[in-house]
Amino acid sequence: MTSSTTFFDLAEICEKLEKTSKRLELASILAEFLKTVNEDEIRPTVLLIIGKIFTPSDPRSLEIGVKTLIKTILKISGITKEEYSKEIGKFGDIGDATASIMSKGIKLNQKTLFEVPRTIKYIFSQLLTIVQSTGPGSRKKKEKILENLFLRSTPIEAKYLVRIILQNQRIGVYEGILEEAISKAFHINLNLIKRANMILGDIGEVARVALTEGVNGLREKAKSPILFTPLKPTLAVNADNIFEVLEQHNYHTAFELKLDGARVQIHKRGDEVRIFSRNLANITQSLPDIVEQVRESVMAKTVILDGEVIGMGPDDKPLPFQYLMKRFRRVHRIQEMIKEIPVKLYLFDILLLDDKNLIDLSYYERREILKDVAGNISLVESLTTDEVDKAEEFLNYSINSGHEGLIAKKMDSKYFLGTRGKNWIKIKRIDNLDLVIVAADWGYGRRKDWLSDYYLAAYDPDQNDFSMVGKTYKGLTDEEFETVTKRLKENIIEDRGKTVIVKPEIVVEVAFDEIQKSSNYPSGYALRFARIINIRSDKSPNEADSVSKVRTMFEKQFEKKSRLVN
DNA sequence: GTTCAGACCGTAC
DNA sequence: GTCTGACGTATTCGG
DNA sequence: CCGAATACGTCAGACGTACGGTCTGAAC
């Protein structure tokens with residue numbers, strides 16, 4: 001049991017996992033492996049497996065991305081950038097490409113390689129050192145550590161090191177499978193594991209507690225939300241129409257406005273307020289105005305609140321999401337920006353009140369409690385109805401008020417979803433345009449043999465040219481990728497490696513949520529959440545929608561939304 | 001020594 | 001953020 | 001009535017837009 005596992009063992013397990021696709025098998029393999037890991041290494045091991053080194057307890061990140069990684073590998077291997085890119089294209093994976101280069105390119109010093117005990121803990125601590133180094137010269141320092149790490153890696157270790165650093169393991173295992181594996185390894189009910197993961201927000205810590213303290217320890221920790229430890233927020237699934245939603249919820253649904261902002265989870269004890277983002281990052285310092293408001297309005301001793309922060313114009317109409325982003329996560333010139341871009345908090349849920357756990361109450365009960373706690377902070381407008389027409393009307397009201405749509409919440413649902421599935425359902429309105437594919441990127445991973453990411457352009461009749469308004473890789477089936485790739489390959493004008501310029505010929509119907517101002521695209525506009533919903537074989541490129549139509553649609557958005565000068 | 005542009009990165013959606 | 005496909009399980013269908 | 005077909009929920013992995021922050025290195 002105490003036999004220590006090495007990074008090599010972990011890499012081998014990853015290799016094994018990557019080769020299997022069956023979910024149950026994945027969980028079994030992982031469970032067996034977890035049983036061999038000791039108390040000291042269980043948390044690092046679990047976090048390394050999913051390439052998610054950084055959690056609420058280690059809030060900062062590596063700040064090492066593809067570019068830096070490529071740079072270091074080039075340095076230690078001596079190959080050219082072109083050769084590396086070619087290799088990446090061949091494998092459709094940067095990890096495999098790196099392993100290939102390492103196995104033929106680098107003369108490893110076998111002695112140093114095996115002298116160094118490359119335990120999981122060691123690798124983890126090296127990565128943490130990278131995380132913790134900041135300030136002038138930190139870049140260089142990080143690269144040096146990386147270099148050393150790779151110089152002491154076998155090819156297979158290098159492969160998974162690369163993927164861990166990029167937080168993209170692609171071995172078929174993420175938190176869901178991991179939860180199953182932990183459940184199997186330590187014989188603990190899966191729902192308890194899921195609940196603990198939601199409350200602790202750290203799957204590595206869940207595994208550690210499961211191993212060291214067993215069911216009872218886990219149960220104790222998962223009992224109730226912990227103040228100042230952010231918990232994973234419930235998320236909503238999509239639906240097309242209101243009828244479908246009502247059916248799903250047995251006609252016991254509260255519809256809430258879906259605001260286009262950022263999710264916040266607010267923890268408060270006395271005067272101490274902390275605000276967390278959807279991904280559990282602490283963003284308190286960016287929102288001092290919200291902190292102040294919560295301090296003044298919420299009288300409860302301890303409380304955890306769930307809500308949305310949106311940009312709000314002086315005319316009381318919501319601001320486009322882009323404006324909010326200027327405020328969120330900001331650390332400089334905050335006071336200035338508070339005046340420039342006003343932000344407003346709306347609450348819609350409460351998870352803890354005066355140390356009492358509320359997540360196991362029904363939505364309805366929580367909402368009633370929230371009303372009393374919120375003081376003069378606005379609650380998200382809501383409507384409880386079982387009639388399609390009334391809900392439809394409310395949806396129109398939401399859209400006309402400049403919001404995204406509705407979110408339907410099952411009246412009797414707990415905050416914790418367990419195995420039940422999603423009890424929150426969102427309904428949005430989408431727009432669409434007919435656009436032309438003018439270029440494409442080769443795909444990655446399972447899409448490596450397809451041109452799978454398309455540059456979309458609107459028609460400009462004045463210039464008889466096409467002006468780009470965004471990219472998309474979403475909406476096509478495998479079969480459609482196959483045929484579109486074939487067609488595009490015949491139309492290649494210029495081959496730039498990863499990107500290919502094609503003759504503008506294929507017209508696609510593209511759905512999107514919003515048109516944004518863009519400095520990235522020549523047209524000056526970009527589509528938010530673009531996805532292809534149809535291949536318009538019946539349309540020729542000059543029948544595609546025009547740039548001026550895009551502009552008109554962009555301007556039209558401000559009939560409902562607010563806009564700030566410059 | 002200071003300033004500034006650009007590359008790179010993480011993270012809201 | 002959206003979307004597709006794979007897997008597992010629950011439910012319905014057809015002989 | 002039971003095995004086969006289908007429906008449904010969940011998970012993972014494809015990658016998009018935008019923004020600000022930090023570090024580096026060149027120009028002054």
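Keep in mind it's a predicted model, so treat the numbers as computed, not measured. Chain letters run A, B, ... following the sequence lines, proteins first and then strands; every chain starts at 1.
- Within 4.0 Å of A:A262, counting heavy atoms only, lie sugar-phosphate atoms of the nucleic acid but no base atom.
- OP1 and OP2 of D:dA14 both lie 4.0 Å or more from every side-chain N or O belonging to A:R447.
- A donor-acceptor pair shorter than 3.5 Å can be found between the side chains of A:R139 and A:T68.
- At the heavy-atom level, A:L166 lies nowhere under 4.0 Å from the strands shown.
- Here the side chain of A:R263 is nearest to one of C:dG8, B:dC13, C:dG5, namely B:dC13.
- Counting to the nearest Å, the C1' atom of D:dC8 and the CG atom of A:N423 are 15 Å from each other.
- Backbone-only contact: A:S277 has heavy atoms under 4.0 Å from sugar-phosphate atoms and none from a base.
- Remark: A:K67 is not in phosphate contact with D:dC23, judged by side-chain N or O atoms under 4.0 Å from OP1 or OP2.
- Within the structure, every side-chain polar atom (N or O) of A:R330 is placed at least 4.0 Å from both OP1 and OP2 of D:dC19.
- Distances shorter than 4.0 Å separate some side-chain N or O of A:S21 from OP1 or OP2 on C:dC7.
- We find that NZ of A:K184 is positioned 10 Å from P of C:dG8, with the value rounded to whole Å.
- Inspection of the A:E480 and A:T477 side chains reveals an N or O donor paired with an N or O acceptor under 3.5 Å.
- Proximity of A:Q322 to the phosphate of D:dA18: no side-chain N or O atom is located under 4.0 Å from OP1 or OP2.
- Counted within 6.0 Å of NZ on A:K498, heavy atoms from surrounding residues, nucleotides or ligands total more than 12; the atom is thus considered enclosed.
- Taking the ring pair (Phe, Tyr, Trp, His ring centres under 6.0 Å) definition, one finds that A:F466 meets it with A:Y459, sequence neighbours left out.
- Residue A:E479 qualifies as open at atom CD: its count of foreign heavy atoms under 6.0 Å is 12 or below.
- For A:F558, the CZ atom is densely surrounded, since the number of other residues' heavy atoms within 6.0 Å is greater than 12.
- For B:dC13, one of the phosphate oxygens OP1 or OP2 lies less than 4.0 angstrom from a side-chain nitrogen or oxygen of A:R278.
- One finds a side-chain N or O of A:K471 lying less than 4.0 angstrom from the OP1 or OP2 phosphate oxygen of D:dG16.
- Side chain to side chain, A:N282 and A:T284 meet the donor-acceptor criterion of an N or O pair below 3.5 Å.
- Considering only side-chain atoms of A:A526, the nucleotide from D:dC11, D:dA18, C:dG1 that sits closest is D:dA18.
- Considering only the side chain of A:M325, D:dC19 comes nearest among D:dC11, C:dG1, D:dC19.
- Among the heavy atoms of the strands lying under 4.0 Å from A:I177 are primed sugar atoms or P, OP1, OP2 only; no base atom is included.
- If you check B:dC9, C:dC7, C:dG5 against the side chain of A:D478, the one that comes closest is C:dG5.
- Relative to the side chain of A:R23, the nucleotides C:dT9, D:dT10, C:dG5 differ in distance, and D:dT10 lies closest.
- With D:dG13, D:dG21, D:dC19 as the candidates, the nucleotide lying closest to the side chain of A:V331 is D:dG21.
- Of the side-chain N and O atoms in A:K142, none sit less than 4.0 angstrom from OP1 or OP2 of D:dT22.
- Side-chain proximity of A:R170 to D:dG20, D:dG13, B:dC13: nearest is D:dG13.
- A side-chain donor-acceptor contact under 3.5 Å links A:E18 and A:Y160.
- For the pair A:R446 and D:dA12, the criterion of a side-chain N or O lying under 4.0 Å from OP1 or OP2 is not met.
- Note on A:N520: only backbone sugar-phosphate atoms sit closer than 4.0 angstrom, heavy atoms only; bases stay farther off.
- Nearest to the side chain of A:R531, among C:dT9, C:dT2, D:dA14, sits C:dT2.
- Within the helix from C:dG1-D:dC15 to C:dG15-D:dC1, the inter-axis angle between the opening and closing five-pair segments is 20°, rounded to 10°.
- Relative ring orientation between A:F276 and A:H267 is described as perpendicular, the plane-to-plane angle rising above 60° on a 0-90° scale split at 30° and 60°.
- Note on A:E514: nothing from the nucleic acid sits closer than 4.0 angstrom, heavy atoms only.
- In terms of phosphate contacts, A:N238 brings a side-chain nitrogen or oxygen within less than 4.0 Å of OP1 or OP2 of C:dT2.
- In this structure, A:S138 reaches the D:dC23 phosphate: one of its side-chain N or O atoms is under 4.0 Å from OP1 or OP2.
- Within the 4.0 angstrom heavy-atom criterion, no nucleotide atom of any strand lies near A:A511.
- Between the CG atom of A:D453 and the P atom of C:dC3 there is a distance of 15 Å, given to the nearest Å.
- Using a 4.0 Å heavy-atom criterion, one finds that A:K428 contacts the sugar-phosphate atoms exclusively.
- In this model, the phosphate group of D:dG9 is approached by a side-chain N or O of A:Q248 to a distance below 4.0 Å at OP1 or OP2.
- The residue among A:E308 and A:G475 whose nearest nucleotide of DNA chain C is located toward the 5' end is A:E308.
- Within 4.0 Å of A:L476, counting heavy atoms only, lie sugar-phosphate atoms of the nucleic acid but no base atom.
- No side-chain donor from either of A:N423 and A:Y363 sits under 3.5 Å from a side-chain acceptor of the other.
- At the phosphate of C:dT2, OP1 or OP2 sits under 4.0 Å from a side-chain N or O atom of A:K426.
- Taking 4.0 angstrom as the limit, A:S518 places a side-chain polar atom (N or O) nearer than this to OP1 or OP2 of D:dA18.
- Listed candidates were D:dA18, B:dC13, D:dT24. Nearest to the side chain of A:R139 is D:dT24.
- If you check every strand for non-hydrogen atoms under 4.0 Å, A:F529 touches a base.
- The distance between atom CD of A:Q516 and atom C1' of B:dC13, rounded to the nearest whole Å, is 9 Å.
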